[in-house]
Asker: 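Please find one structure pasted underneath; my questions will follow.
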Amino acid sequence: MGWIWHLCLANMKQRGIRTGLTILGVVIGIISIVSLLAIGLGVKKEILDAAESEGSITEIRVYGISEGIRKDQMLTDRKIEEFREIEGVAEVYPVLNLSTYVRYKQYSGYWSIEGVPRNYLQQVATLNGAAPDENSLKPELIMGNQVIDFMYNRTTGVRYGELYDDEDEEDKEPLDLSGEYLEVQFEVFEDAPSYRLTIADMTKEESYNIYCDIETLKKYLKQIADGGKVPGQPRNQNDENYREWIYDTAIVKVEDVDSVDSVVKSLKDMGYQVENNKEYVDSIQQMVKIAQVVLGGIGMIALVVAIIGIGNTMTTAVYDRINEIGVLKVLGSDPDELLYLFLLESGILGGLGGIIGILISYGITELLINQLVVKLMKMPKGSELAIIPIWLAVLAFFLAIILGVLAGFFPARWAARLKPIDAVKNH
């Protein structure tokens, strides 16, 4: 079989320009299909990461009513226990939302403070790994790193974030207000008393929330209640607080993604309004799949054109080597060996084009897209708009070989069936 490889490589070398142009066509086709699919995969990953950072896909937010006579639709501790009994639910976290007016030095704004259980707070990634002191008499805050950016100077009206909007995101130091204080008004009317609360830590990931321990918050709200009326708690027809704590929201943690839909249905059947990132992610993924099919189709067109080039090259090679084919047949070569000879050559053309195209695609995605484009779009450092997984590279390589072999099949079969006498006549 060694002579077959020798003839194959010798012919490719002898017709170097034609071989080079054919390989170039395959390279362009592979770059097109791999790079376009890589962009689709990268965008999909960025969308999923963004959805995960805003709230886990396995988290469901349940909203209850906080006023009126429908107490059965209010979120109480008893309802929280009912949620825990739903099949597929791993944990339920009650959330006590308080609409507040907050001030940091000369900056202020209206914001919501969320009281959540300590085991939920422990899942929030913070800059210094600190947590609110559970023995503190006042709520200690975990402050989202984006909150201060949207607070305004009370005198000039300038937003805090405007002072740093021109800074490069890569050079921007993470804001750390740990140990400092927020002035908080739990009632938003002008003359409401304000309370000084410590900022225990800042979130590491992008966040617009202010958290605190829910049990500490409850005790503190009871302590500062005016005339027994707890700030942020709804009142009954007698203008009195309910005997139970009423939560605005509950976070339902589901065991796995496959259980999300069934848990959502159960909660809706109970009459509650729910919100979950999975529905959003599913719709986005569907759009991304459509985009990937379109992008892959465009790339495939370029690859098919390149494969037609291989077919043309192999057809021309067969006609140019009719005399050689006749001599090989006279010397005893059987049709299968000649078929293998030309299929090997077309496979090598496809394989070389595939390897070179894949390597160039890696360079394009890393240097041009993931560095230059990300920087121009001022996206966070480490963002990847294009990803080439190993399976895509391997698939593209074998696809180039298989399509190359298929393109050379008919010319190779014609050469294998050519009779020696016909080859001599043509010569």
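Heads up: numbering here begins at 1 and tracks the sequence.
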Asker: To the nearest 0.5 Å, what is the distance between CD on Glu366 and OG on Ser361?
Answerer: 13.0 Å
Asker: Donor-acceptor pair, Asp201 side chain versus Gly129 backbone, under 3.5 Å?
Answerer: yes
Asker: If you define the side chain from C-beta out and look only at heavy atoms, does anything of Glu82 sit under 4.5 Å from Lys79?
Answerer: yes
Asker: Measure the spacing between CH2 of Trp245 and CD1 of Ile214 and express it to the nearest 0.5 Å.
Answerer: 8.5 Å
Asker: Considering all heavy atoms of both residues, which atom of Pro117 and which atom of Asp213 are nearest to each other, and what is their separation?
Answerer: C-OD1, 4.3 Å
Asker: Quick one: are Thr365 and Ile387 in side-chain contact, heavy atoms under 4.5 Å?
Answerer: no
Asker: Do you see a donor-acceptor pair shorter than 3.5 Å between the side chains of Gln123 and Tyr93?
Answerer: yes
Asker: Would you indicate whether the side-chain heavy atoms of Leu98 and Leu221 approach each other to under 4.5 Å?
Answerer: yes
Asker: Output a table of donor-acceptor pairs, distance under 3.5 Å, between side-chain atoms of residues 263-270 and any protein atom two or more places apart or on a different chain; print 'none' if there are none.
Answerer:
unit_1: Lys265; atom_1: NZ; unit_2: Asp269; atom_2: OD2; d: 3.1
unit_1: Ser266; atom_1: OG; unit_2: Ser262; atom_2: O; d: 3.1

Asker: So which atom in Ser108 and which in Tyr101 form the shortest heavy-atom distance, rounded to 0.1 Å?
Answerer: OG-OH, 2.9 Å
Asker: Please check if the side chain of Asn209 supplies one atom and the backbone of Tyr211 the other of a donor-acceptor pair under 3.5 Å.
Answerer: no
Asker: Would you give the length of the straight line joining atom CD1 of Ile142 to atom CD of Glu140, rounded to the nearest 0.5 angstrom?
Answerer: 8.5 Å
Asker: Verify side-chain contact (heavy atoms from CB on, under 4.5 Å) between Lys253 and Thr58, making sure each step is shown before the conclusion.
Answerer: CA-CA 6 Å; Lys253 187 76 173 180; Thr58 56; 3.5 Å; yes
Asker: Could you check whether any side-chain N or O of Asn128 sits under 3.5 Å from a backbone N or O of Ala130, counting only pairs where one atom can act as donor and the other as acceptor?
Answerer: no
Asker: Report yes if some heavy atom in the side chain of Glu180 is under 4.5 Å from a heavy atom in the side chain of Lys105; otherwise report no.
Answerer: yes
Asker: Output the distance between atom CD (Gln185) and atom OH (Tyr110), rounded to the nearest 0.5 Å.
Answerer: 8.0 Å
Asker: Between Ser194 and Glu183, which heavy-atom pair has the shortest distance, and what is it?
Answerer: OG-OE1, 3.7 Å
Asker: Using distance only, find each side-chain donor-acceptor pair of residues 30-42 under 3.5 Å and give its atom names and separation, not counting sequence neighbours.
Answerer:
unit_1: Ser32; atom_1: OG; unit_2: Ile28; atom_2: O; d: 2.8
unit_1: Ser35; atom_1: OG; unit_2: Ile31; atom_2: O; d: 2.9

Asker: Quick one: side chain to side chain donor-acceptor pair (under 3.5 Å) partners of Tyr247, sequence neighbours excluded?
Answerer: Asp77, Lys218
Asker: Looking only at heavy atoms, what is the nearest atom pair of Gly351 and Ile401, with distance?
Answerer: CA-CG1, 3.6 Å
Asker: Give a yes or no on this: more than 12 heavy atoms of other residues, nucleotides or ligands lie within 6.0 Å of atom CG of Leu137.
Answerer: no
Asker: Throw together a table of side-chain donor-acceptor distances under 3.5 angstrom for residues 222-233, partners on residues two or more places apart or in other chains.
Answerer:
unit_1: Lys229; atom_1: NZ; unit_2: Asp239; atom_2: OD2; d: 2.8
unit_1: Gln233; atom_1: OE1; unit_2: Ile246; atom_2: N; d: 2.9
unit_1: Gln233; atom_1: NE2; unit_2: Ile246; atom_2: O; d: 2.9

Asker: Just by modelled atom types, is the Tyr160 backbone N or O under 3.5 Å from a matching donor or acceptor in the Asp149 side chain?
Answerer: no
Asker: What is the minimum heavy-atom distance between Ile60 and Val260, and which atoms define it?
Answerer: CD1-O, 4.1 Å
Asker: How would you list, by chain and number, every residue that makes a side chain to side chain donor-acceptor pair (under 3.5 Å) with Asp133, sequence neighbours excluded?
Answerer: none
Asker: With no hydrogens and no angle check, is any side-chain donor or acceptor of Thr100 less than 3.5 Å from a backbone partner on Trp111?
Answerer: yes
Asker: How long is the straight-line distance from CE of Met151 back to CZ of Arg154, given to the nearest 0.5 Å?
Answerer: 9.0 Å
Asker: Do the non-hydrogen side-chain atoms of Val89 and Phe83 ever get within less than 4.5 Å of each other?
Answerer: no
Asker: Would you say that Met143 contacts Leu182 through its side chain, given a criterion of any heavy-atom pair below 4.5 Å between the two side chains?
Answerer: yes
Asker: Taking it one step at a time, do Val274 and Tyr63 satisfy side-chain contact (heavy atoms from CB on, under 4.5 Å)?
Answerer: CA-CA 6 Å; Val274 301; Tyr63 299 94; over 6 Å; no
Asker: Thinking salt bridges, do Glu215 and Arg118 make one under a 4.0 Å N-O criterion?
Answerer: no
Asker: Answer yes or no on whether Arg159 is positioned over the face of Phe150, meaning its NZ or CZ is under 6.0 Å from the six-membered ring centre and within 45° of the axis.
Answerer: yes
Asker: Should we count CD of Glu87 as having more than 12 external heavy atoms under 6.0 Å?
Answerer: no
Asker: Does any N or O in the side chain of Thr198 come within less than 3.5 Å of the main-chain N or O of Ala200, such that one atom is a donor and the other an acceptor?
Answerer: no
Asker: Between Glu187 (side chain only) and Ala192 (backbone N and O only), is there a donor and an acceptor less than 3.5 Å apart?
Answerer: no
Asker: Would you call the rings of Tyr195 and Tyr220 parallel, tilted or perpendicular, taking 30° and 60° as the class edges?
Answerer: perpendicular
Asker: Report yes if some heavy atom in the side chain of Ile251 is under 4.5 Å from a heavy atom in the side chain of Val92; otherwise report no.
Answerer: no
Asker: Taking the side chain from Ser259 and the backbone from Glu255, do they hold a donor-acceptor pair closer than 3.5 Å?
Answerer: no
Asker: So, for Gly350 and Ala400, which heavy atoms are closest and what is the spacing to 0.1 Å?
Answerer: O-CB, 3.3 Å
Asker: Please walk me through it: do Asp248 and Val95 pass side-chain contact (heavy atoms from CB on, under 4.5 Å)?
Answerer: CA-CA 6 Å; Asp248 307 83; Val95 179; over 6 Å; no
Asker: Evaluate the criterion salt bridge (charged side-chain N to carboxylate O under 4.0 Å, His left out) for residue pair Glu91 and Arg84; output intermediate values, then yes/no.
Answerer: CA-CA 6 Å; Glu91 185 54 274; Arg84 288 194 174 101; 2.8 Å; yes
Asker: Mind checking the CD1-CD spacing from Ile80 to Glu85? Nearest 0.5 Å is all I need.
Answerer: 12.5 Å
Asker: Does any part of the side chain of Leu175, heavy atoms only, come nearer than 4.5 Å to the side chain of Asn145, both counted from C-beta?
Answerer: no
Asker: Suppose the criterion is salt bridge (charged side-chain N to carboxylate O under 4.0 Å, His left out): which pairs have a residue in residues 108-117, not counting sequence neighbours?
Answerer: Arg61-Glu114
